[in-house]
**Q** 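After the structure tokens below, expect a handful of questions from me.
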Protein chains: 2
Amino acid sequence: MAAAHARDDGSQANRRRADHSETYLRLREAITGGRFQPNERLVEAQLVDLLGAGRSSIRAALVRLDQEGLVTRQPNRGARVRLISGREAVEIEQVRIALEKMLARSAAEHVTADDLADLEATVVEMHRRLEQDDRLGYSELNSRFHQRIWKMADNELAASLLATLKSQSIRVQYRTILQPGRADQSMREHVAILAALTAADPEATEAAMAEHLSHVVSTLRRAIATSQVRLPGAAASVAPEAVTSPLAAGANVAGA
Amino acid sequence: MAAAHARDDGSQANRRRADHSETYLRLREAITGGRFQPNERLVEAQLVDLLGAGRSSIRAALVRLDQEGLVTRQPNRGARVRLISGREAVEIEQVRIALEKMLARSAAEHVTADDLADLEATVVEMHRRLEQDDRLGYSELNSRFHQRIWKMADNELAASLLATLKSQSIRVQYRTILQPGRADQSMREHVAILAALTAADPEATEAAMAEHLSHVVSTLRRAIATSQVRLPGAAASVAPEAVTSPLAAGANVAGA
DNA sequence: GACCACAAAAGTATCGACAATTTCAAACTC
DNA sequence: GAGTTTGAAATTGTCGATACTTTTGTGGTC
């Protein structure tokens, strides 16, 4: 959440070398962090003095984010924060499930004592957070749990794809854990995954993960269905700045 | 390691000026088509008069291709055609399998008479090509077969991810179908997939696809192992242009 | 008041020039 | 002769200016 105006110069030898990738990361963070509304217009000139970078950096960052699926760009008409439709959200979840299943299996094939220790600790801590009704903390640990599995599976490509997908659907995902009753069930499912990993049983691990994620998805579907999402159809062309989205402020809150 | 989905990009090509996305497509084509060696340096100035586009277009295209995983860029040191390591090739295949399995299952759930007719025709034609020992033609039809399944599954995200992955590993994939005995087996496997789809049996379809792909991978592994790939370690810094790779000229030759 | 034409404004796309960095090779030192 | 320094060439990174496109606003006409 680096603050905006960081014009640190003032002298002639300005240019604090805000690197290309630096700009990209900051813009990305701003988008995934919810500093912009979905579908909000991203005007290059505005970003220039919001991020304190040159226009070419901004431009490059937008191209990257477009390719990454976080913004959309239309020729001569600029860039907007990409709005994930319900359909796309489902597609994302399907892909996510396919990859996580594969990684879970793979993880079970390479499991080490170290991994198990870490996962156990995470699960224990998750339980504690749950008792304190600290849902945000739970979400973070949930992320950690899954990421440890990714690491165990040792497939960087899949892990990075998953990370990208997650950033695309953050706005949607954060809903699940808040649904009534979901937390306890989620807890049980994680325990089951851990058990299968402890047994070093790829088949069972994949199955447990599949079970877990299918519940996440159905919860998600329910959440979307009930709390009718009011899409900003043709979003306000105004949307000046600092409009804080529901999840806003918080760090990445993962689906659970 | 980058994600990426091809955006729909409305192709309003009628632009006398070599459009931005036009440049991107041409450069992409040049890379996947094998006009550049893996690891070959892509000097911006050279690309400018090779493609007849402005430097900013080239630059944007390189950023995109970087994100897509087809080239790598180092700050101040330019871009190179990405060289897929053996490890990465395996990762790609794993992801590909996970996604294709998912899509196969999904396809079986939505199968229509039209789809079956098309698939059958494709398989018949594949058989014919095989008898004529037309391996290239077979490969093309193989691609077509799989793409039809993607379409049936109706998950654009997964399909576009698969397309990207395929373009990354083209240089590796083309080997499989040339392996002795592989062709006949491949044929049988496609028939099995078709049968499962005809029965509209998601479980069986996924299994058949998994079986098929696991064979593709093991064939691939064998092919890589035997024909010791001679990596251009620290690739020639010269590599002027038009150096044609083994598969070269041909359109996309898919693994079978 | 609704509709159209046309002008002004906002914003993106692209080019050229210059600055900064890396690379390569020759000259130099020990 | 091996290793190091220095300088020039090659190449990438960034900025400013300009051309082009889309959007917005205004006034006239029926």
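What you see below is based on every heavy atom in this structure, not just the backbone, and it leaves out hydrogens, waters and symmetry mates. Remember, predicted model here, so these are calculated numbers, not experimental data. By convention in this document, chain letters (A, B, ...) are assigned in the order of the sequence lines, proteins followed by strands, and residues within each chain are numbered from 1.
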**Q** Rounded to the nearest Å, what distance is computed from the CD atom of residue B:Glu44 to the P atom of nucleotide D:dT14?
**A** 11 Å
**Q** So what does A:Leu42 touch, heavy atoms closer than 4.0 Å: a base, only the sugar-phosphate, or nothing?
**A** sugar-phosphate
**Q** What is the distance from CG of B:Asp66 to P of D:dT12, rounded to the nearest Å?
**A** 14 Å
**Q** How long is the line joining CG of B:Leu62 and P of D:dT11, in whole Å?
**A**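 One finds 14 Å between P of D:dT11 and CG of B:Leu62, rounded.
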**Q** Let me know, please, whether A:Ser56 or A:Arg77 comes out on the 5' side of the other along DNA chain D by nearest nucleotide.
**A** A:Ser56
**Q** For the residue pair A:Leu62 and A:Asp66, establish whether any side-chain heavy-atom pair is separated by less than 4.5 Å.
**A** no
**Q** Identify whether the distance between the nearest side-chain nitrogen and carboxylate oxygen of A:Arg87 and A:Glu91 falls below 4.0 Å.
**A**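 Yes, charged N to carboxylate O under 4.0 Å.
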**Q** What integer distance in Å separates B:Gln46:CD from D:dA10:C1'?
**A**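 Taking atom C1' of D:dA10 as the reference, CD of B:Gln46 is at 11 Å.
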**Q** Of the listed nucleotides (C:dT22, D:dA17, C:dG11), which one gets closest to any side-chain atom of A:Arg41?
**A** C:dG11
**Q** A:Glu22 CD to D:dT14 C1': how many Å, rounded?
**A**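 Rounding to the nearest Å, CD of A:Glu22 and C1' of D:dT14 are 16 Å apart.
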**Q** With a 6.0 Å cut-off (strictly less than), is the heavy-atom count around CD of B:Glu156, excluding the residue itself, greater than 12?
**A** no
**Q** With a 6.0 Å cut-off (strictly less than), is the heavy-atom count around CZ of A:Arg221, excluding the residue itself, greater than 12?
**A**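 It does not: A:Arg221 CZ has 12 such atoms or fewer within range.
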**Q** In whole angstrom, give the distance that lies between atom CD of A:Gln74 and atom P of D:dC20.
**A** 22 Å
**Q** Let me know the distance between CG of A:Asn76 and P of C:dT12, rounded to the nearest Å.
**A**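 Result: 10 Å.
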**Q** Would you mind reading off the distance between B:Arg55 atom CZ and D:dA10 atom C1', rounded to a whole angstrom?
**A** 12 Å
